[in-house]
Amino acid sequence: MPSQSRIARSNRPPFDLHAYLDSRTDAVNRILDRFLPTVATKPATIHKAMRYSLFAGGKRLRPVLCLAAAEACGGAIEPALPLACAVECIHTYSLIHDDLPAMDNDDYRRGKLTNHKVFGEGIAILAGDGLLTQAFEIAAQCRGWSRYSHRDVIRELAEAAGSLQLIAGQVADLEGEGKKTSAAQLKYIHERKTSALLRCSVRLGGMSANGTAAQLEALGDFGYHVGLAFQIIDDILDVTRTSEQLGKTAGKDIAAQKATYPSIVGLEKSRKIAAELTARAFAALKPFRGQAIALEALAEYLLKRER
Ligand code: GRG
């Protein structure tokens, strides 16, 4: 299992993850603000609602992973920023829709009232639709990449968000409520609901840096395993942290009779599996020969996160 010492043991200077997260998050927020219509743009309600959830204080993990992947491939963050923002728009849309009464029916998200609680269900549905569409508008506006066409990038986003991945995971999640779920079925849900967008985030970062096919493959493998670990940690936090600590309703999985790793294999085994998956993610970064330090630090941080 990777540990802080794993990073500190090498000859590299220590990596300041908090400074990295702060600077990359600021950059993402600045560009998101530039891409999104202002709250005064008519019809104002929808733009207020889209911005309300987008700027509600999300951790920005997917966009930061996208930027870190670009850097691992030797690229700069600027060409990756629009793609990082596109991914965050898709992620935020999925959260708004997931919180709706017809889905998870949640009142709090990112420490604030959920979108439908503030704007009503109709506007919340449209705000999600608006953000999903905005993601593709942003990706289409990018300057372009020498090795990858817009078609490649749009397809990468569409596949991750589509009915075989993100939506498939949500369908299986909805249909599994209250039913006995096997570990294999749970993995199917996690691969789609969580891993697909994380995998897409890092692959897009690699594309923005003109990464090779082998680099994209390695990044995809990294994103897949980090995504699975991330979801297991999320399920552990749901039963071990309070709503105040999480900024969203804790204990939801038990209340909704949802299968989770803690409910199937217990907390200790879940922690062990998350650590093993993180080790697999580290192993996927081998081809970068120590140049993926931010990705390594992020994987470790996600394993140890408390919210
Ligand atoms: C509605 C199509 C559709 C899909 C919804 C995202 C999702 C699928 C459901 C939300 C609930 C959930 C447990 C999703 C798995 C991914 C996950 C843990 C999301 C939360 O991501 P964070 O912690 O959130 O990065 P912030 O708010 O920090 O961005």
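Residue numbers run from 1 in the order of the sequence given. Atoms within each ligand, like the ligands themselves, are counted from 1 in listed order.
Between His91, Met103, Arg192, it is His91 that holds the heavy atom closest to atom 20 (C) of ligand 1. Between the choices Ser94, Gly128, Ala196, the shortest heavy-atom distance to atom 6 (C) of ligand 1 belongs to Ser94.
Relative orientation of the His18 and Tyr301 rings is perpendicular, given thresholds of 30° and 60° on the angle between their planes.
For Lys59, heavy-atom contacts with ligand 1 shorter than 4.0 Å involve the backbone as well as the side chain.
Within ligand 1, counting atoms from 1 as listed, the ones closer than 4.0 Å to a heavy atom of Tyr93 are 2 (C). For ligand 1 and Lys193, the ligand atoms under 4.0 Å from any heavy atom of the residue are 8 (C), 12 (C), 13 (C), 14 (C), 15 (C).
Within the 3.5 Å criterion, the main-chain N or O of Glu300 finds no donor-acceptor partner in the side chain of Lys304.
The N/O atoms of Arg62, backbone and side chain alike, include one that comes under 3.5 Å of an N/O atom in ligand 1. Between Arg110 and ligand 1, at least one N/O pair is under 3.5 Å apart.
With respect to the salt-bridge test (charged N to carboxylate O, under 4.0 angstrom), the residues Asp33 and Arg51 qualify. With respect to Lys272 and Glu268, no salt bridge is recorded, no charged nitrogen being found less than 4.0 Å from a carboxylate O. Taking 4.0 Å as the cut-off between side-chain N and carboxylate O, Glu88 and Arg60 count as a salt-bridged pair. Salt-bridge annotation for Asp221 and Arg280: absent, with no side-chain N of the basic residue lying under 4.0 Å from a carboxylate O of the acidic one.
The nearest heavy-atom contact from the protein to atom 15 (C) of ligand 1 is Gln231 OE1, 3.0 Å.
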